[in-house]
Novice: 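There's a structure below that I have some questions on.
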Amino acid sequence: MADPSVSPAPRPTAPTAAPASADEIAAANMRGILAMVASMACFICSDTLSKSASPDITAGQIMAIRGVFATAILVPMVLLTSGFSAIWRRFSTPWALRTVGETGGAIFFLTGLVHLPIANVTAITQTAPLVLTAAGALLLGEHVGWRRWLATLAGFLGVLLIVRPGTAHFSWWSMSVLTAVLFVCLRDLATRRIATAVPSILVTFVTAAAIMVAGFALYGIETWQPLPTRAIVHLAIAAFFIIGGYHFAIVAMRHGELATVAPFRYSIILWALVIGYLVFDEVPDALGLAGMLVVTGAGVYTFLREQRARRRV
């Protein structure tokens, strides 16, 4: 699934280190921006390969087979770093909730991706930060100013331009993607509560393994098809891309300033538009494009306002 959250350990800081110069900060920001753009490109490539395999197999098969490859790739990485015993020592309720959120999000995201244009699906999932803003205010009592409320409302209106309920363009599969967004919000809320000492590679491994198991569990309710060689190859490559997406996301968040780097997550919508046209011959209409622009603008504005509000505290 695109745009996953990981829980990277904080960068160590040396009290006696000299302050970074303007040139060093600019260079770090550029590395972070390039890594974030690369991360989004990897995620959209993984989604593209998964979607291209979908005419032959089900969403559960995609999760299971891609998960097998991803888990196999991650096993030696875990052995060379933290080791599997660290999972049992550090596993917690927030980590479990994060795994549930990631797994549920993958199920509903891939179900929608199989039936909808990739750019539409990608844009809808980018409303997750807006949903988190609303959830923080309504459920956790966080202060949200009127500007962020307006941006959140604008983002939801942008989704309506993409989904267009009540018209010939509407598809009930859009509801599957919106359900995925709710699971993604659970994932992100839980991620904030995972101890920063937990290595990112462990979180990534548990996520991949859980999604793999969930995919196999869907065997009982789906009609699985024989696996063509083409689909297996696509999903194997997709596994490499999704791990690359995780890796570059960690690199992005460990370089540069958050307010500078994080908004480039929305580059995934541009990648989705390009891939959708080149691979699937999908071209959004004017209203759909307008909705994507609104969602992107609202998301970037909300994030920048949140960062400004935190600096004032």
Novice: Keeping Arg164 on the side-chain end and Leu160 on the backbone end, is there a donor-acceptor pair under 3.5 Å?
Specialist: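 Between the backbone of Leu160 and the side chain of Arg164 there is no qualifying donor-acceptor contact (under 3.5 Å).
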
Novice: Which pair of heavy atoms, one from Leu74 and one from Ala208, lies closest together, and at what distance?
Specialist: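 Heavy atoms only, the tightest pair is CD1-CB, 3.8 Å.
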
Novice: Any side-chain to backbone donor/acceptor pair from Thr127 onto Leu130? Under 3.5 Å, distance only.
Specialist: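 Side chain of Thr127 to backbone of Leu130: no pair is present.
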
Novice: Counting only N and O atoms by type, is there a donor-acceptor contact under 3.5 Å from the side chain of Ser39 to the main-chain atoms of Phe248?
Specialist: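 No: the side chain of Ser39 does not pair with the backbone of Phe248.
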
Novice: With clusters defined by side-chain heavy atoms of hydrophobic residues (ILVMFWY) lying less than 4.5 Å apart, directly or transitively, does Val213 cluster with Val75?
Specialist: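 Result: no, two separate clusters.
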
Novice: Do side-chain atoms of Thr71 reach the backbone of Val68 as a donor and acceptor pair under 3.5 angstrom?
Specialist: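 Such a contact is absent between Thr71 side chain and Val68 backbone.
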
Novice: Could you check whether any side-chain heavy atom of Arg147 comes within less than 4.5 Å of a side-chain heavy atom of Tyr301, counting everything from C-beta outward?
Specialist: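 Yes; the side chains approach each other to less than 4.5 Å.
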
Novice: Might you confirm whether atom CE of Met175 has over 12 heavy atoms from other residues, nucleotides or ligands at distances under 6.0 Å?
Specialist: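 More than 12 within 6.0 Å, yes.
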
Novice: So, taking the atom named OG1 in Thr122 and the one named CG in Leu270, what distance separates them when rounded to the nearest 0.5 Å?
Specialist: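 Atom-to-atom, Thr122:OG1 and Leu270:CG are 11.5 Å apart.
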
Novice: If the condition is side-chain hydrogen bond (donor to acceptor under 3.5 Å, both in side chains), which residues does Trp224 pass it with, not counting sequence neighbours?
Specialist: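 In terms of side-chain hydrogen bond (donor to acceptor under 3.5 Å, both in side chains), with neighbours along the sequence ignored, Trp224 is linked to Glu222.
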
Novice: Specify the closest pair of heavy atoms between Pro94 and Ala190, including all atoms of both residues, with the distance to one decimal.
Specialist: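 Shortest heavy-atom separation between Pro94 and Ala190 comes out as O-CB, 3.3 Å.
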
Novice: At their closest point, which heavy atom of Met292 faces which heavy atom of Ala123, and how far apart are they?
Specialist: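 Distance-wise, the nearest heavy atoms are CG-CB, 3.7 Å.
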
Novice: Can you tell me how far OG of Ser50 sits from CE of Met63, rounded to the nearest 0.5 angstrom?
Specialist: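 Separation between the atoms: 11.0 Å.
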
Novice: Is there a donor-acceptor pair closer than 3.5 Å between any side-chain N or O of Glu282 and the backbone N or O of Ile118?
Specialist: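 Between the backbone of Ile118 and the side chain of Glu282 there is a qualifying donor-acceptor contact (under 3.5 Å).
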
Novice: Rounded to the nearest 0.5 Å, what separates atom CG in Asp285 from atom CD1 in Ile162?
Specialist: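 CD1 of Ile162 is found 10.5 Å from CG of Asp285.
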
Novice: My understanding is that only residues two or more places apart in sequence, or in another chain, count here; which of them pass ring pair (Phe, Tyr, Trp, His ring centres under 6.0 Å) with Trp173?
Specialist: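 In terms of ring pair (Phe, Tyr, Trp, His ring centres under 6.0 Å), with neighbours along the sequence ignored, Trp173 is linked to His115.
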
Novice: Taking the side chain as everything from C-beta on, heavy atoms only, tell me whether Phe280 gets closer than 4.5 Å to Lys51.
Specialist: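 Yes, at least one pair of side-chain atoms sits under 4.5 Å.
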
Novice: Taking the six-membered ring for Trp and the single ring otherwise, decide whether the centroids of Phe240 and Phe69 are under 6.0 Å apart.
Specialist: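 No, ring centres 6.0 Å or more apart.
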
Novice: Search all heavy atoms of Val295 against all heavy atoms of Tyr266 and return the closest pair with its distance.
Specialist: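 Scanning both residues, the minimum pair turns out to be O-CE2, 4.3 Å.
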
Novice: To the closest 0.5 Å, what do you measure between NE2 (His234) and CD1 (Ile65)?
Specialist: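 Here the rounded value is 14.5 Å.
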
Novice: Just wondering, are more than 12 heavy atoms of other shown residues or ligands nearer than 6.0 Å to CZ in Phe264?
Specialist: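 No, not enclosed.
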
Novice: What I'd like to find out is whether the side chain of Arg90 reaches to under 4.5 Å of the side chain of Pro199, using heavy atoms alone.
Specialist: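 Yes, their side chains come closer than 4.5 Å.
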
Novice: Decide whether Leu80 and Leu202 are clustered together by the hydrophobic rule: side chain heavy atoms of Ile, Leu, Val, Met, Phe, Trp, Tyr closer than 4.5 Å, transitively.
Specialist: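 Different hydrophobic clusters.
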
Novice: If you take all heavy atoms of Pro226 and Pro228, which pair is closest and at what distance?
Specialist: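 Looking at all heavy atoms of both residues, the shortest contact is O-CD, 3.0 Å.
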
Novice: Using modelled atom types only, decide if a donor and an acceptor are shared between the side chain of Thr103 and the backbone of Val100 within a distance under 3.5 Å.
Specialist: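 Not at all, since once roles are kept as given, no pair shorter than 3.5 Å links the two residues.
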
Novice: For residues Leu182 and Leu178, determine if any side-chain heavy atom of one lies less than 4.5 Å from a side-chain heavy atom of the other.
Specialist: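 A side-chain contact is absent here, since even the closest heavy-atom pair is not under 4.5 Å.
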
Novice: Is there a path of hydrophobic side-chain contacts, each under 4.5 Å between heavy atoms of I/L/V/M/F/W/Y residues, joining Val279 to Ile44?
Specialist: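 Yes, it is one cluster - the side chains of Ile44 and Val279 are joined through contacts under 4.5 Å.
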
Novice: In Å and rounded to the nearest 0.5 Å, what is the CZ to CD1 distance from Arg230 to Ile232?
Specialist: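 Here the rounded value is 11.0 Å.
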
Novice: Please find the pair of heavy atoms, one from Gly112 and one from Ser176, that lie closest to each other, and give the distance.
Specialist: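 For Gly112 and Ser176, the tightest heavy-atom pair comes out as N-OG, 3.8 Å.
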
Novice: Can you tell me if CZ on Phe91 sees more than 12 non-hydrogen neighbours from other groups inside 6.0 Å?
Specialist: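 Yes, enclosed.
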
Novice: Can you see whether Arg89 engages Ser85 through a side-chain donor-acceptor pair at a distance of less than 3.5 angstrom?
Specialist: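 Note: Arg89 and Ser85 side chains meet the donor-acceptor criterion.
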
Novice: Between Gln61 (side chain) and Gln225 (backbone), is there a donor-acceptor pair under 3.5 Å?
Specialist: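 Yes, because the side chain of Gln61 sits within donor-acceptor range (under 3.5 Å) of the backbone of Gln225.
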
Novice: Taking atom CG of Leu97 and atom CZ of Phe183, what is their separation to the nearest 0.5 Å?
Specialist: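 Atom-to-atom, Leu97:CG and Phe183:CZ are 11.5 Å apart.
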
Novice: Begin with the C-alpha distance, continue with both residues' side-chain angles, and end with the deciding distance and a verdict on side-chain contact (heavy atoms from CB on, under 4.5 Å) for Leu110 and Arg66.
Specialist: CA-CA 12 Å; Leu110 287 172; Arg66 190 178 69 179; 4.1 Å; yes

Novice: I'd like to know if Val177 and Leu161 are part of one continuous hydrophobic network [Ile/Leu/Val/Met/Phe/Trp/Tyr, side-chain heavy atoms within less than 4.5 Å].
Specialist: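 As far as the 4.5 Å side-chain criterion goes, Val177 and Leu161 are not connected within one cluster.
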
Novice: Any chance you could lay out the side-chain contact (heavy atoms from CB on, under 4.5 Å) test for Ile107 and Ile211, step after step, and finish with the verdict?
Specialist: CA-CA 8 Å; Ile107 292 172; Ile211 291 174; over 6 Å; no

Novice: Can you find a pair of side-chain heavy atoms, one from Leu235 and one from Ile57, that are under 4.5 Å apart?
Specialist: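 Touching, per the 4.5 Å side-chain cut-off.
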
Novice: Whether the side chain of Glu102 engages the backbone of Thr99 through a donor-acceptor N/O pair (distance < 3.5 Å, no angle test) should be reported.
Specialist: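 No, because the side chain of Glu102 does not come within donor-acceptor range (under 3.5 Å) of the backbone of Thr99.
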
Novice: Donor-acceptor pair, Ser46 side chain versus Cys42 backbone, under 3.5 Å?
Specialist: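 Answer holds: no.
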
Novice: Apply ring pair (Phe, Tyr, Trp, His ring centres under 6.0 Å) to the pair Phe241 and Phe43, showing each step before the final yes or no.
Specialist: CA-CA 6 Å; Phe241 273 117; Phe43 283 130; over 10 Å; no

Novice: Phe109 vs Thr179, test: side-chain contact (heavy atoms from CB on, under 4.5 Å). Steps then yes/no.
Specialist: CA-CA 8 Å; Phe109 174 82; Thr179 303; over 6 Å; no

Novice: Within the structure provided, determine whether Trp149 and Thr133 are in side-chain contact (heavy-atom separation under 4.5 Å).
Specialist: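 No, side chains not in contact.
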
Novice: Would you say Ile243 ends up clustered with Trp271 if hydrophobic residues are merged whenever their side chains have heavy atoms under 4.5 Å apart, either directly or through other cluster members?
Specialist: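 Yes; tracing contacts between hydrophobic side chains, which count when under 4.5 Å, links both residues.
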
